[in-house]
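Since the model is a prediction, treat every value here as computed from it, not as a measurement.
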Amino acid sequence: MSDSERSFLFLVGSSRADGNTETLARHAAERLPPTADRHWLRLGALSLPLFEDRPREGEGPCPAPSGLAATLLQATLSATDIVVVSPLDWYGVSTATKLYLDHWSGWMRVPGLDFLERMRGKTLWSVTVHGGQDPATAAPLVGTLRHTADYAGMRWGGALLGHGSRPGDVLRDTAALGRAKTFFS
């Protein structure tokens with residue numbers, strides 16, 4: 001696939017606008033080829049309803065999403081590359097990111113949508129910033145997303161990790177900013 005055919009969906013799961021994680025993701029996105037499409041969505045602003053999991057047997061399929069959930073579904077299916085931009089939140093993805101992933105469970109059961117089939121071959125990436133000194137604390141977050149990619153038949157693009165607690169801290173993480181320059185290549 002050529003760079004001009006790639007479409008990146010950046011899903012910002014932070015509750016803070018322009019936080020460290022989003023800043024790091026934007027630094028990485030700057031290095032994408034100019035022909036690659038970029039679309040940014042702030043998950044918290046979409047006000048997704050809580051996902052209500054239905055028993056797999058007895059209650060039948062899930063209805064097609066509507067409103068902003070349908071917009072998010074369409075953006076997900078239209079992208080070739082999905083970038084989860086989530087700060088480390090209690091050693092996992094943020095609440096908004098987890099809610100997005102929960103909705104995948106329903107989308108898999110919408111008749112005729114073929115969600116998993118349509119996700120196969122896309123690439124899933126992760127960008128996160130953690131506040132601790134040990135980058136291994138982000139292993140559960142990375143594991144969640146890597147297993148999600150495996151389950152959906154997606155390629156795992158990798159994880160870009162940065163360090164920072166206070167606003168702007170990641171701009172002092174020169175190693176992470178250096179990795180951001182080549183992250184998507």
Side-chain angles (χ1 to χ4, degrees), residues 1-3 5-14 21-22 24-25 28-29 31-32 36-41 43 46 48 50-57 61-62 64-65 69-70 72-130 132 134-162 176 179-180 182-185:
M1 174 181 312
S2 73
D3 288 336
E5 297 170 2
R6 292 178 76 185
S7 176
F8 285 78
L9 174 61
F10 291 85
L11 297 167
V12 181
S14 178
T21 303
E22 183 176 352
L24 183 58
R31 299 299 179 139
L32 287 170
D37 186 38
R38 298 163 187 81
H39 188 67
W40 294 78
L41 287 177
L43 292 171
L46 294 176
L48 283 175
L50 290 176
F51 173 69
E52 185 179 331
D53 195 12
R54 297 173 167 202
R56 298 200 193 290
E57 296 181 30
C62 286
L72 181 57
L73 169 61
Q74 187 55 47
T76 299
L77 292 175
S78 296
T80 59
D81 295 79
I82 298 169
V83 185
V84 173
V85 182
S86 175
L88 185 64
D89 189 4
W90 285 102
Y91 309 102
V93 295
S94 68
T95 301
T97 302
K98 176 64 169 80
L99 181 58
Y100 164 71
L101 294 173
D102 285 347
H103 277 271
W104 283 29
S105 296
W107 297 343
M108 286 187 279
R109 298 195 312 257
V110 173
L113 184 61
D114 300 320
F115 180 74
L116 283 181
E117 182 61 33
R118 294 171 71 182
M119 294 301 286
R120 280 180 185 44
K122 295 179 185 293
T123 303
L124 185 64
W125 306 84
S126 172
V127 178
T128 194
V129 172
H130 61 94
D134 183 3
T137 59
L141 178 149
V142 173
T144 293
L145 296 174
R146 190 167 187 184
H147 289 302
T148 298
D150 288 345
Y151 180 82
M154 301 172 74
R155 288 185 293 274
W156 173 243
L160 174 60
L161 300 177
R179 289 189 301 274
T182 60
F183 183 58
F184 293 119
S185 52

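Here the CG-CZ distance, from Asp37 to Phe8, works out to 10.0 Å after rounding to the nearest 0.5 Å. Atom CE in Met108 sits 13.5 Å away from atom CD in Glu117 (nearest 0.5 Å). Put simply, CG on Leu77 and CE on Met119 are 6.5 Å apart, with the number rounded to the nearest 0.5 Å. Atom-to-atom distance recorded for Trp107:CH2 and Asp102:CG is 10.5 Å, nearest 0.5 angstrom. Here Leu160 contributes atom CG and Thr182 contributes atom OG1; the two are 9.0 Å apart, rounded to the nearest 0.5 Å.
With Lys122 contributing its side chain and Ile82 its backbone, the two residues share no donor-acceptor pair below 3.5 Å. When atom types are taken as modelled, the side chain of Arg179 and the backbone of Leu161 share a donor-acceptor pair closer than 3.5 angstrom. In this structure, Ser7 contributes its side chain and Thr80 its backbone to no donor-acceptor pair below 3.5 Å. A donor-acceptor pair under 3.5 Å is absent between the side-chain atoms of Arg6 and the main chain of Leu32, judged by distance alone.
The minimum heavy-atom distance linking Thr128 with Thr21 is given by the pair CA-CG2, 3.7 Å.
Ring orientation note: the planes of Trp40 and Phe10 are close to parallel, at an angle under 30° on the 30°/60° scale.
For the pair Phe184/Thr123, no side-chain contact is recorded, criterion being any heavy-atom separation below 4.5 Å from C-beta on. Using a 4.5 Å heavy-atom cutoff, the side chains of Arg118 and Leu113 are in contact. Annotation: side chain of Thr97 is not in contact with side chain of Leu11 (no heavy-atom distance under 4.5 Å). Leu72 has its side chain within reach of Thr76: a pair of non-hydrogen atoms, C-beta onward, lies under 4.5 Å apart. Contact of the Leu46 side chain with the Tyr100 side chain is not registered, since no non-hydrogen atoms from C-beta on lie closer than 4.5 Å. Looking only at side-chain heavy atoms (C-beta outward), Leu73 and Phe115 come within less than 4.5 Å of each other.
Of the charged side-chain nitrogens involved, none lies within less than 4.0 Å of a carboxylate oxygen, so that Asp150 and Arg146 do not count as a salt-bridged pair.
Side-chain contact check for Ser94 and Asp89: no donor-acceptor pair (N or O, by modelled atom type) lies under 3.5 Å.
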